[in-house]
Amino acid sequence: MILRNGKVYTKDGHYKENMDIVIKGGRIKKIDKNIEAKDEEELDLKGYPIYPGFIDAHSHLGMWEDAIEFEGADGNEATEPITPHLRAIDAINPMDRTFEEAYKGGITATCTGPGSANVIGGQAATIKTYGVRIDDMIMKAPAAMKCALGENPKRVYNDLEKSPMTRMASAALLRGTFMDAKEYLEKKESDDEDKHPDFDMQMEALIPVLKKEIPLKVHAHRADDIFTAIRIAKEFNLDLILNHCTEGHLIAEYLREEGIPIIVGPALTDRSKVELKNLTFETAGILQKSGVKIAIMTDHPVTPIQYLPLCAALAAKAGLGEEEALKAITINPAEILGVSDRIGSIEVGKDADLVLWDRHPFDLNSKVLMTIIDGKIVYKNTY
């Protein structure tokens, strides 16, 4: 398939007019002007702007289904605070209509996973937003180990009259679990077979984190919780991604020094709990200008995933700027999630995840004209 006469948004934030894109085998094979072709399906883009598919770096897509209170709520196994062996792909329902709303809104990939009830909630997955069978939609699974600090685990387990009831207990449970996992790994890799431990599914799930094969993805809103996450990650030499970082703008200089990527948001919501009292759209811009790599999230269903471009636009308006806001939903989340070799920009060799818009996506009157995922047109509007 050849897409002709598109206004291509480039990785460096510029546009190239009247460009053709050749797609074969679900990948981008060539980008140039006036490409000659034989027996290829051709589609005239009529000069409309075409962008890489947008990426929501943190959501719970398919784990809290639309308009289903109990049966469709599969994101929190709130019976024990430590559940690293749980896998998001065993709970995601691609048949939920919010997947269609995602790709019709220009969002072609997301990192979705457990919620924040547990100190360790389980394994997140980076997936495409179009498909029927989750196994065919996976880009990376596990993509990260979900962890949560702050109010959420405290509230859940106070209600159950179980630990953790304090921030101290949450940190102690996290630290103790990684101590156990480190000891388990050392015994497993020992040359002395007599020291090999019995199989432990929870410990096995943490080995990729200890080996830095996947990051620890920590839910933390308040500044002190953010610092606790950093402290524990340093103790065990873990790769860390911070989710939310609501008070990040208050400690931007410290976060710059740490060099940790941050997935900011959701800001398009109410201040529903105490740790959100400093919620502002300005956080993303302040962090980015301080030198922190940031992405923007919806935390779907907190903010419906199709409003990711709106969240980015509001962050742009609040100081992030248009170009950096686009990066925060394209190449930045791809790099943070470790999938930039496949998605996040329109480049030869990458997945053909492309979205045609009728104007700039941050314009409130904009609409998606066509969405392509893995080289397949999954949505087409009239244009």
- [ ] Please test Arg231 against Thr228 for side chain to side chain donor-acceptor pair (under 3.5 Å), starting from the C-alpha separation and ending with a verdict.
- [x] CA-CA 5 Å; Arg231 185 182 314 117; Thr228 296; 3.3 Å; yes
Going by side chain to side chain contact (heavy atoms under 4.5 Å, CB included), Ser272 matches just one of Val274, Asp270, Thr269. Which one?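 By the side chain to side chain contact (heavy atoms under 4.5 Å, CB included) criterion, Ser272 pairs with just one of Val274, Asp270, Thr269: Asp270.
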Check your understanding: When rounded to the nearest 0.5 angstrom, what distance separates CD in Glu324 from CD in Gln288?
Key ->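 The CD atom of Glu324 sits 4.0 Å away from the CD atom of Gln288.
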Quick check against the 3.5 Å criterion: does [X] have a side-chain atom that pairs as donor or acceptor with the backbone of [Y]?
| X | Y | result |
| --- | --- | --- |
| His60 | His300 | no |
| Ser59 | Leu61 | yes |
| Gln306 | Ala102 | no |
| Tyr157 | Glu80 | yes |

**OP:** Starting from the C-alpha separation in whole Å, work towards a yes-or-no answer on ring-ring contact (aromatic ring centres under 6.0 Å, His included) for His58 and His219.
**Re:** CA-CA 10 Å; His58 179 73; His219 162 116; 7.9 Å; no
Short side-chain donor-acceptor distance under 3.5 Å, Asp192 and Ser190: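 Short answer, no.
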Salt bridge check, [Y] against [X]: does any charged N sit closer than 4.0 Å to a carboxylate O?
| X | Y | value |
| --- | --- | --- |
| Asp358 | Lys367 | no |
| Lys154 | Glu275 | no |
| Arg133 | Asp135 | yes |
| Asp351 | Arg27 | yes |
| Asp224 | Arg222 | yes |
| Glu347 | Lys350 | yes |
| Glu183 | Lys187 | yes |
| Arg4 | Asp20 | yes |

Problem - CA sep, side-chain torsions, deciding dist, call: Asn152, Lys273, side chain to side chain donor-acceptor pair (under 3.5 Å) - result: CA-CA 10 Å; Asn152 287 24; Lys273 50 189 175 180; 2.5 Å; yes
Does [X] reach the side chain of [Y], with side-chain heavy atoms less than 4.5 Å apart?
| X | Y | result |
| --- | --- | --- |
| Phe178 | Val209 | yes |
| Ile55 | Cys111 | no |
| Ile262 | Thr283 | no |
| Gln123 | Met145 | yes |

Q.
Quick one, Tyr184 with Glu204, criterion side chain to side chain donor-acceptor pair (under 3.5 Å). Give me CA distance, side-chain angles, the key distance, then yes/no.
A. CA-CA 9 Å; Tyr184 178 88; Glu204 290 286 334; 2.7 Å; yes
Review point. Got a sec, which residues hit ring pair (Phe, Tyr, Trp, His ring centres under 6.0 Å) with Tyr9, two or more places apart in sequence or on another chain?
Key: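 Checked Tyr9 against ring pair (Phe, Tyr, Trp, His ring centres under 6.0 Å); matches are Tyr15, Tyr51.
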message = Taking salt bridge (Lys or Arg N to Asp or Glu O under 4.0 Å) as the cut-off, I'd like each qualifying pair that reaches into residues 236-255, sequence neighbours left out, listed once.
response =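 Counting only pairs at least two positions apart or across chains, the salt bridge (Lys or Arg N to Asp or Glu O under 4.0 Å) contacts touching residues 236-255 are Lys212-Asp239.
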task = Among Lys195, Lys182, Lys211, find the one that has a salt bridge (Lys or Arg N to Asp or Glu O under 4.0 Å) with Glu189.
result =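 In the set Lys195, Lys182, Lys211, the residue that makes a salt bridge (Lys or Arg N to Asp or Glu O under 4.0 Å) with Glu189 is Lys211.
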What is the minimum heavy-atom distance between Leu279 and Pro266, and which atoms define it?
->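 Result for this residue pair: CD1-O, 3.6 Å.
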inquiry  = To check you understand the geometry: which heavy-atom pair defines the closest contact between Leu240 and Pro261, and what is its length?
reply    =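 Minimum heavy-atom separation between Leu240 and Pro261: O-CD, 3.6 Å.
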Go through it in stages, so that I can follow the logic: the residues are Thr298 and Asp56, the test is side chain to side chain donor-acceptor pair (under 3.5 Å), and I'd like the CA-CA distance, side-chain angles, deciding distance and then a yes or no. CA-CA 7 Å; Thr298 64; Asp56 191 340; 2.4 Å; yes
